[in-house]
Amino acid sequence: MIIKKFIARDFKTAMKQAKEEMGRDAIILHTGQVRKGGLLSFFSRPQVEITVAVDDSLKVSSDKARRNPVFPFSNSVTSKSKPVELELAAVANSDKREKELLDELQRMKQIMTDVKLKMYEVEFIKGMSENVQIFYEILINNKVEKELALKIVNSVEARLPSDKSNDENWAKDVCLHTLQEYFSEAKPISISNGEKGKLVFMVGPTGVGKTTTIAKLAANLAFTEGKEVAVITLDTYRVSAAEQLRTYAEIIDIPISVVFNTFDLEEAIKQYGDKDLIFVDTAGRSPYHDEHMEELREFIEIGKPHEIILVLSVTTDSNDIKNIYCKFNSIGIDKIIFTKLDETSSYGQILNTVYEVEKPIAYLTTGQNVPDDIEIPDPLYLAKMLLRRDEA
Ligand SMILES: Nc1nc2c(ncn2[C@@H]2O[C@H](COP(=O)(O)OP(=O)(O)OP(=O)(O)O)[C@@H](O)[C@H]2O)c(=O)[nH]1
Ligand SMILES: [Mg+2]
């Protein structure tokens, strides 16, 4: 990349100079006015300064291209000395170059958008009261996405009475109130009176805590609420996976079936028809593995669950969470469980996800202990978590 400044008495002249020297592909990075140096500079007429950039590799190749234009198919007629393959290679090269150019432009566009967003952010935040600026920092440190954090603090600022803008407690209350509005009421599994055979599928990527969460829920429902619970596992890929659930089932003293195909699934569901709740544990799926997703879809079509719960770990990056959600949502998702809250101090992923996907949270899990480390979060609890400062 070559970057150069051109100064002239007006914009047209500066542009002409730039084009002559840098070529037609040059991009303007900046324009402004300058005065010539020296004692009398203050009284002199301002001049126009433009800063332009050009990709140097592009300049050479485009100059060459202008000197030796490529006419893809004319050579086979006009010149027999050049083999056709050479011409094709030239076309392929020029296509490759064009793609590189487009990629480069795309990258520059992204940089400019980022710079614009940064400038907008600085200006926007500078105009807010100090307490709101502090909350913005807390949200960002909690990994709330920038655009969402800006939206939130903008509402907070608008709601904060002007005579209370320096009152930290007022600002905090308004912030908590605003954040709560981004969360709907938690929707834990509920079993209506007389309802039998409620079928709940637990799905999600590998290792997020599906089996452990089923064990926590089954134990709580059986011990605390006196419900009759059964579990079915479709995770037959690893012997240890079925054994893990079997061990929990034995401790809780509930029946378990290991199911290998859709026929067995139908049978097991019928068998447990008189139970209050049937959990179906599924094998961890890479959402990018179409074959696995298809298999899961078949089980869901046959099972016809009352609820499908997607289990996500808060230790997963927000963008990955969104991709995972999109893939799993093709089989239908009713609720979300976020796990491993004990493994992070930033909870922005939760807000970023529910804001984007608009699905209720059923539970949060906060550790490996079965059955204790599970909670039903209300919106105030979630809002408080997001305003927690990392004391470290
Ligand atoms: N720290 C922490 N660990 C958890 C939590 N929930 C589950 N785990 C741990 O995460 C690991 C994986 O848990 P599993 O329940 O086997 O996860 P899974 O989603 O069933 O995994 P696959 O069946 O392999 O896809 C285990 O070591 C669990 O103890 C949690 O809330 N916090
Ligand atoms: Mg499992």
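Indexing begins at 1, ligand by ligand and atom by atom, following the structure's order.
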Check your understanding: Leu364 and Ile350: side-chain contact (heavy atoms from CB on, under 4.5 Å), yes or no, with the steps?
Key -> CA-CA 10 Å; Leu364 300 178; Ile350 300 176; 4.3 Å; yes
Review point. If you count the atoms of ligand 1 from 1 in the order shown, which ones are under 4.0 Å from a heavy atom of Asp235?
Key: 23 (O)
Revision key, fill the gap. Among non-hydrogen protein atoms, atom 10 (O) of ligand 1 lies closest to Lys340 NZ, 3.3 Å
Review point. Hey, is Thr206 one of the residues with a heavy atom under 4.0 angstrom from ligand 1?
Key: yes
**Study point:** Thr339 N/O to ligand 1 N/O under 3.5 Å
**Key:** no
Check your understanding: Which residue and non-hydrogen atom of the protein lie closest to atom 22 (P) of ligand 1, and at what distance in Å?
Key -> Gly207 N, 3.5 Å
Practice item. For Tyr355 and Lys151, test the side chains for any donor-to-acceptor distance below 3.5 angstrom and give the result as yes or no. Key: yes
Review point. What is the nearest protein non-hydrogen atom to atom 23 (O) of ligand 1, stated with its residue, atom name and distance?
Key: Arg238 NH2, 3.3 Å
Practice item. Nearest heavy atom to atom 31 (O) of ligand 1 wins, so pick from Ile374, Thr212, Thr365. Key: Thr365
Check your understanding: With atoms numbered from 1 as shown, which atoms in ligand 1 lie under 4.0 angstrom from a non-hydrogen atom of Glu343?
Key -> 1 (N), 2 (C), 3 (N)
Check your understanding: What distance separates Ile336 CD1 from Lys187 NZ, expressed to the nearest 0.5 Å?
Key -> 12.5 Å
Exercise for review: Considering only non-hydrogen protein atoms, determine which one is nearest to atom 16 (O) of ligand 1 and report residue, atom name and distance to 0.1 Å.
Suggested key: Gln244 NE2, 3.1 Å
**Study point:** Backbone N/O of Pro205 and side chain of Lys210: donor-acceptor pair under 3.5 Å
**Key:** yes
Practice item. Indicate yes or no: does an N/O atom of Thr213 lie under 3.5 Å from an N/O atom of ligand 1? Key: no
Check your understanding: What is the nearest protein non-hydrogen atom to atom 3 (N) of ligand 1, stated with its residue, atom name and distance?
Key -> Gln368 CG, 3.3 Å
Check your understanding: Are Asp95 and Lys99 ion-paired here, with the side-chain N under 4.0 Å from a carboxylate O?
Key -> no
Study note, to complete from the structure: Paired with Thr233, the side-chain contact (heavy atoms from CB on, under 4.5 Å) test is passed by just one of Val258, Ile214, Thr282, Thr211, namely Val258
**Study point:** Residue pair Glu185 / Pro360: nearest heavy atoms and the distance that separates them
**Key:** O-CB, 4.2 Å
Study note, to complete from the structure: From the list Leu179, Leu386, Ile138, Leu150, side-chain contact (heavy atoms from CB on, under 4.5 Å) partner of Val144 resolves to Leu386
Study note, to complete from the structure: Nearest non-hydrogen contact to atom 30 (C) of ligand 1 from the set Gly367, Ser313, Gly204, Gly209 belongs to Gly367
**Study point:** Under 3.5 Å side-chain donor-acceptor pair for Tyr325 and Lys359
**Key:** yes
Point to revise | Lys16, NZ: over 12 other non-hydrogen atoms inside 6.0 angstrom | key: no
Check your understanding: Could an N or O of ligand 1 be found under 3.5 Å from any N or O of Asp281, whether backbone or side chain?
Key -> no
Practice item. Check each of Asp342, Asn369, Thr282 against atom 2 (C) of ligand 1 and report the one with the nearest heavy atom. Key: Asp342
Revision key, fill the gap. Lys210 heavy atoms within 4.0 Å reach ligand 1 at atoms 15 (O), 17 (O), 18 (P), 19 (O), 20 (O), 21 (O), 22 (P), 25 (O)
Review point. Are any N, O or S atoms from Thr212 nearer to the Mg ion (ligand 2) than 2.8 Å?
Key: no
